[in-house]
Amino acid sequence: MHALSHGTTSTPTTIAVPPSLSLPVIEAAFPRQLHPYWPKCQEKTRVWLLEKRLMPADKVEEYADGLCYTDLMAGYYIGASDEVMQAIADYSAWFFVWDDRHDRDIVHGRPLAWRRLRDRLHSALDSPREHLHHEDPLVAGFADSVLRLYAFLPATWNLRFARHFHEVIDAYDREFHNRTHGIVPTVEEYLRLRRLTFAHWIWTDLLEPTAGCELPDAVRKHPAYRRAALLSQEFAAWYNDLCSLPKEIAGDEVHNLGISLITHERLTLEQAVAEVRSRVENCIMEFLDVEQTALRFADGLADGTVRGKELSAAVRACLSNMRNWFSSVYWFHHESGRYMVDSWDDRSTPPYVNNEAAGEK
């Protein structure tokens, strides 16, 4: 089907969404928004990628805007200050570049390079200031983005963010092992690992600086709030799997829900696509249900105190952005050059990546 996109240009454009990937409920019930700072954000992230040497200048020039990394974040973290929005956008762009380095280290058989990077990222997460001028641009860029994110909320939030991202790094290490050994995880193993490699709790943590308020544990861990957060991220991860399945099959991937279903549940490709799509649709419908419970929880926090009013408003802002994540993820997958496999010269080699490891030829 064709859908009207209002996101990345000043005039709406018609995006062709393949029937197998179209989700009418997203287009009807999840109106797309975009942070008003987005055009400036896109420009500054492009400059940041160059300054931090995270992508070669020619690839930034040709591909950065079309990859739509800033669009994805600007459609999610509505209400963030411009400074918070920029820090999140740069961090997100770094994350995609890191994901590409991880992939290329696997494809080109560079386990030593990967382990070195893994250990350096763990260190930079705990002491970013000491890694701002690291020889590996990926480490230095990470340190810069983390240090900026740490400036917005108290140390307790920073420690939680670091704890969650240490888990993400370790999950990427497990994925490296699986892919280099050709191990396709079972469906349940994959779902647990995917919550970490997709960084579910990182993107959820970043809702708080966007709202300008660190949420106490009792609020974050409330069943309705936590379920809404998880569903928004599960939708994104599984829809990503649905859209990237052709690219990942072409690249001999083992980490995709569809691939786990084909390998361990003996589904055909068509059945696996239908199953992943069904899970995606169920996420949407369950979110719409739990969202109402979470909003009632937010209302109940307004107990007549200043603190209660602040928490109620912050939870409502976070829930609103969980909702925005659905539409932002959906359109990102149909606008970003990251998923346009059919236009690549080599379906297993993205044209926007740098195939060299740091310091290696």
Side-chain angles (χ1 to χ4, degrees), residues 7-8 37-76 85-108 110 113-114 116-118 120-121 124-125 128 131-149 165 168-169 172 176 197-199 202-203 240 244 247-248 251 328 332-333 335-341 343-361:
T8 57
Y37 177 67
W38 171 75
K40 179 62 71 174
C41 183
Q42 183 186 53
E43 177 185 329
K44 288 192 171 183
T45 294
R46 196 187 314 122
V47 170
W48 186 78
L49 287 168
L50 284 170
E51 287 179 349
K52 299 301 176 184
R53 296 179 294 122
L54 289 167
M55 289 177 69
D58 60 330
K59 294 192 183 296
V60 171
E61 175 68 25
E62 187 170 357
Y63 298 109
D65 288 357
L67 290 169
C68 300
Y69 297 158
T70 55
D71 309 48
L72 177 64
M73 295 296 112
Y76 184 16
M85 184 71 257
Q86 190 66 59
I88 292 175
D90 290 351
Y91 168 74
S92 170
W94 173 87
F95 200 114
F96 280 109
V97 174
W98 175 51
D99 185 75
D100 291 334
R101 169 85 73 83
H102 175 260
D103 178 70
R104 294 296 95 186
D105 280 349
I106 292 167
V107 169
H108 294 291
R110 299 189 294 232
W114 163 250
R116 183 169 60 243
L117 176 60
R118 174 200 64 195
R120 288 170 171 176
L121 292 178
L125 187 55
H131 291 77
L132 288 173
H133 305 291
H134 197 279
E135 61 182 353
D136 186 339
L138 203 62
V139 177
F142 179 60
D144 177 80
S145 61
V146 166
L147 196 62
R148 288 157 63 198
L149 292 173
F165 202 77
V168 171
I169 297 168
Y172 264 68
F176 190 99
T197 58
F198 198 82
I202 289 293
W203 307 119
N240 175 270
S244 61
K247 178 182 85 166
E248 294 182 343
S328 193
F332 170 70
H333 281 86
E335 294 173 348
S336 174
R338 195 172 179 86
Y339 303 100
M340 296 179 183
V341 183
S343 67
W344 302 353
D345 291 338
D346 177 354
R347 288 170 62 88
S348 66
T349 304
Y352 49 82
V353 301
N354 179 3
N355 277 306
E356 297 174 2
E360 298 179 13
K361 294 293 182 182

Report yes or no: does Ser145 contribute a side-chain atom to a donor-acceptor pair with the main-chain N or O of Gly141 at less than 3.5 Å? yes
Counting C-beta onward and ignoring hydrogens, is there a side-chain heavy-atom pair between Gln86 and Cys41 closer than 4.5 Å? yes
Take Tyr69 and Trp48 through the test ring-ring contact (aromatic ring centres under 6.0 Å, His included) and record every step on the way to the result.
CA-CA 13 Å; Tyr69 297 158; Trp48 186 78; over 10 Å; no
So OG1 of Thr45 and CG of Leu49: to nearest 0.5 Å the spacing works out to 6.5 Å
Hey, what's the ring geometry for Phe95 with Trp98, parallel, tilted or perpendicular (30° and 60° as the breaks)? perpendicular
Just list the side-chain donor-acceptor pairs under 3.5 Å for residues 56-64, sequence neighbours left out, or say none.
| residue | atom | partner | partner atom | Å |
| --- | --- | --- | --- | --- |
| Lys59 | NZ | Pro351 | O | 2.9 |

* To do: Applying ring-ring contact (aromatic ring centres under 6.0 Å, His included), run through Trp203 and Tyr76 and close with a yes or a no.
  => CA-CA 10 Å; Trp203 307 119; Tyr76 184 16; 7.6 Å; no
Review point. Would you find more than 12 non-hydrogen atoms of other residues, nucleotides or ligands less than 6.0 Å from Arg53 atom CZ?
Key: no
*Under 3.5 Å donor-acceptor, Ser336 side chain and His333 backbone*: no
Do Met55 and Pro137 have side chains that get closer than 4.5 Å, going by heavy atoms?
no
- Test log, rule side-chain contact (heavy atoms from CB on, under 4.5 Å), inputs Ile106 and Trp114: CA-CA 8 Å; Ile106 292 167; Trp114 163 250; over 6 Å; no
If you measure only the distance, is there a donor-acceptor pair under 3.5 Å linking the side chains of Tyr91 and Arg148? no
Hey, are Asp100 and Arg338 close enough for a salt bridge, meaning a charged N less than 4.0 Å from a carboxylate O?
yes
CZ of Phe198 to CG of Asp99, rounded to nearest 0.5 Å, is 10.0 Å
Value for NE2 (His108) from CG (Asp103), rounded to nearest 0.5 Å, stands at 8.5 Å
Shortest non-hydrogen pair, Leu132 vs Ala143, comes out as CD2-C, 3.8 Å
| request: Determine whether Tyr352 and Phe96 make a side-chain contact, defined as any pair of heavy atoms from C-beta on separated by less than 4.5 Å. | output: no
Has Ser328 got a side-chain atom pairing as donor or acceptor with Leu72's backbone, closer than 3.5 angstrom?
yes
| request: Kindly say whether Leu138 contributes a backbone atom to a donor-acceptor pair with the side chain of Trp94 at under 3.5 angstrom? | output: yes
Query raised in the report: Does Arg101 pair with Asp136 as a salt bridge, N-O distance under 4.0 Å?
Result: yes
Do Arg120 and Glu135 come within less than 4.5 Å of each other through their side chains, counting heavy atoms only?
yes
Value for CZ (Phe332) from CG (Asp71), rounded to nearest 0.5 Å, stands at 8.5 Å
Taking every heavy atom of Asp105 against every heavy atom of Ala113, the minimum-distance pair comes out as OD2-C, 4.1 Å
OH (Tyr172) and CZ (Arg118) are apart, to the nearest 0.5 Å, by 15.0 Å
Heavy atoms of Ala89 and Met73 approach each other most closely as CA-CG, 4.2 Å
